[in-house]
Number of protein chains: 2
Amino acid sequence: MESMPKISESEWEIMKIVWKENPLTAEQIVQYLPADTDWSDQTVRTFINRLMKKKALGYQKSGRSYQYYPLISEKECVRAESKSFLNRVFNGAAGLMMTNFLEETQLSDKEIERLQQILMEKQSQDSKDSPQS
Amino acid sequence: MESMPKISESEWEIMKIVWKENPLTAEQIVQYLPADTDWSDQTVRTFINRLMKKKALGYQKSGRSYQYYPLISEKECVRAESKSFLNRVFNGAAGLMMTNFLEETQLSDKEIERLQQILMEKQSQDSKDSPQS
DNA sequence: AAGACACAATTACAGTTGTAATAGTTTGAT
DNA sequence: ATCAAACTATTACAACTGTAATTGTGTCTT
């Protein structure tokens, strides 16, 4: 996993598609792009190529064209990007970040319960992990 | 607030300092940079200048040098950056993002309680706002 | 008034990104 | 075998970034 290549904003769009389903041809990737994305085919292919240069995508020949698949895991990328965001914006203070998000975000009851659930689990977990000061 | 200028990673470092305390001279900004930042003075001044071009910083003369102060609010910038991050990485799904963060992050008991607190408040708040389906 | 010092302003330069256009190559059809 | 279609690969180009060096200017010192 060798120190995650930097994935740009546009490249993320490609990766998200290929993570969800793969392998995919360039044409399929174009089709799966959000409807409001109006990149030309060439633009998409440029992004794909850059991702290959960055070793984020691999390919296999399939008839006349290539099929692309991810070489880096979504989890790793999400983790790296999250860390970068956290440091840039909140100086790494995860607690602050979360209170901030909670306060600013509209959540459904279901989501709130889910979060509470996780917090409770975390509470017992943590008190096992690191006996309270 | 006119559609927030894009603040780059390095520029964020400058802005965070100036948001915390201002107005500050370039020299002071250099001093307040995290110890592990080894930018030359010139580099810092370049960032300051770019931020002025972007209308993110303003200045006032003070004797021989300038004192800089923010022209855009931290809250707005944090909000914009958070939104961008959320869309890029989680397709805008705030709930997913938060569960993910909660699961990946080590939190102190105090922080956990604080978050639970907020969630409970949010719960009653929301049930007033949008009567549950 | 001249020179030095301390800032600010301008210029530099390579790498990344967004956005393609154009050139090259393989393959299926005739 | 040749042409066209369909892909891939190469090239383009400006804006933004990271990282400064160099130049210009106002002020303090002597």
Side-chain angles (χ1 to χ4, degrees), chain A residues 3-18 23-31 33-34 36-69 72 77 80-81 84-85 87-89, chain B residues 3-18 23-31 33-34 36-69 72 77 80-81 84-85 87-89:
Chain A
S3 81
M4 294 282 113
K6 308 285 173 219
I7 306 299
S8 82
E9 175 122 10
S10 304
E11 288 163 357
W12 263 92
E13 289 305 317
I14 310 290
M15 291 307 294
K16 281 189 289 191
I17 290 169
V18 178
L24 290 177
T25 65
E27 197 181 3
Q28 287 174 312
I29 292 176
V30 169
Q31 276 171 0
L33 282 169
D36 61 336
T37 314
D38 60 345
W39 293 333
S40 87
D41 282 23
Q42 287 318 310
T43 297
V44 175
R45 284 159 202 273
T46 298
F47 294 149
I48 292 174
N49 273 329
R50 287 181 182 165
L51 286 167
M52 292 209 301
K53 247 176 215 136
K54 295 180 183 184
K55 307 290 183 192
L57 288 182
Y59 70 91
Q60 64 203 30
K61 278 203 148 140
S62 149
R64 52 206 158 292
S65 65
Y66 290 175
Q67 286 184 314
Y68 303 93
Y69 54 87
I72 58 184
C77 282
E81 193 74 24
S84 154
F85 166 71
N87 282 319
R88 186 172 2 134
V89 179
Chain B
S3 81
M4 295 282 112
K6 309 287 174 218
I7 308 298
S8 83
E9 176 120 10
S10 304
E11 288 162 357
W12 263 91
E13 289 306 316
I14 310 290
M15 291 308 294
K16 280 188 291 191
I17 290 169
V18 179
L24 290 177
T25 65
E27 198 183 0
Q28 287 175 312
I29 292 176
V30 169
Q31 276 170 2
L33 281 170
D36 61 335
T37 314
D38 60 346
W39 293 332
S40 88
D41 283 22
Q42 287 318 310
T43 299
V44 176
R45 283 159 203 274
T46 298
F47 294 149
I48 292 175
N49 273 328
R50 286 181 183 165
L51 286 167
M52 291 208 303
K53 247 176 215 137
K54 293 181 183 185
K55 306 290 182 192
L57 287 183
Y59 70 91
Q60 64 203 30
K61 277 200 149 137
S62 147
R64 51 205 160 292
S65 64
Y66 291 175
Q67 286 183 314
Y68 303 93
Y69 54 87
I72 57 183
C77 283
E81 193 74 22
S84 155
F85 166 71
N87 282 319
R88 186 172 3 135
V89 179

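Convention: sequence-line order gives letters A, B, ...; per-chain numbering from 1. Note: hydrogens, waters and symmetry copies are ignored here, and every other heavy atom, side chains too, is used.
The nearest whole Å value for the distance from the CG atom in B:N49 to the P atom in D:dG18 is 15 Å. Taking atom CE of A:M15 as the reference point, atom P of C:dT17 lies 14 Å away to the nearest angstrom. Atom pair A:L57:CG and D:dA9:P shows a separation of 13 Å (rounding to whole Å applied). Whole-Å rounding puts the A:K6 NZ to D:dC16 C1' distance at 17 Å. Distance, A:F47 CZ to C:dT16 C1': 12 Å, rounded to whole Å. Per the geometry, CD1 belonging to A:I7 stands 9 Å off P belonging to C:dT17, to the nearest Å. Between A:I48 atom CD1 and C:dA20 atom C1' there is a gap of 14 Å when expressed in whole angstrom units. The CG-P distance, from B:L33 to D:dG18, rounds to 13 Å in whole Å.
Of the candidate nucleotides D:dA9, C:dT10, C:dG18, C:dG18 has the atom nearest to the side chain of A:E9. Of the listed nucleotides (D:dT19, D:dC7, D:dG18), D:dC7 has the atom at the smallest distance from the side chain of A:R64.
Contact annotation: side chain of A:E27 to base of D:dA6, donor-acceptor pair absent below 3.5 Å. In terms of polar N and O atoms assigned as donor or acceptor, the side chain of B:Q42 never comes within less than 3.5 Å of the base of C:dA8 in a complementary pairing. On a pure distance criterion of 3.5 Å, a polar donor-acceptor pair joins the side chain of B:R50 and the base of D:dT19.
Between A:T46 and B:Y68, the residue anchored nearer the 5' end of DNA chain C, judged by the nucleotide with its closest heavy atom, is B:Y68. Along DNA chain D, the nucleotide closest to A:K53 and the one closest to A:Q67 are compared, and the more 5′ of them pairs with A:Q67.
At least one side-chain heavy atom of B:I7 sits under 4.5 Å from a side-chain heavy atom of B:I72. When side chains are defined from C-beta on, A:R45 does not count as touching A:V30, because their heavy atoms never get closer than 4.5 Å.
For the OP1/OP2 pair of C:dA8 and a distance below 4.0 Å, the side-chain nitrogens and oxygens of B:Y59 include no atom meeting the criterion. Between A:S10 and C:dT17 there is no side-chain N or O to OP1 or OP2 distance below 4.0 Å. Taking 4.0 angstrom as the limit, B:K54 places a side-chain polar atom (N or O) nearer than this to OP1 or OP2 of D:dT17. In terms of phosphate contacts, A:S40 brings no side-chain nitrogen or oxygen within less than 4.0 Å of OP1 or OP2 of C:dT19. Proximity of B:T25 to the phosphate of C:dC7: no side-chain N or O atom is located under 4.0 Å from OP1 or OP2. Residue B:T43 has a polar side-chain atom (N or O) positioned under 4.0 Å from OP1 or OP2 of D:dA20.
Side-chain contact annotation: A:S40 with A:T43, donor-acceptor N/O pair under 3.5 Å present.
Between B:I48 atom CD1 and B:Y66 atom OH the span is 12.0 Å, to the nearest 0.5 Å. The OG atom of B:S8 sits 5.5 Å away from the NZ atom of B:K54 when rounded to the nearest 0.5 Å.
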> Would B:E11 and B:R50 satisfy salt bridge (charged side-chain N to carboxylate O under 4.0 Å, His left out), going step by step from the backbone distance to the final call?
Replying inline: CA-CA 8 Å; B:E11 288 162 357; B:R50 286 181 183 165; 5.4 Å; no
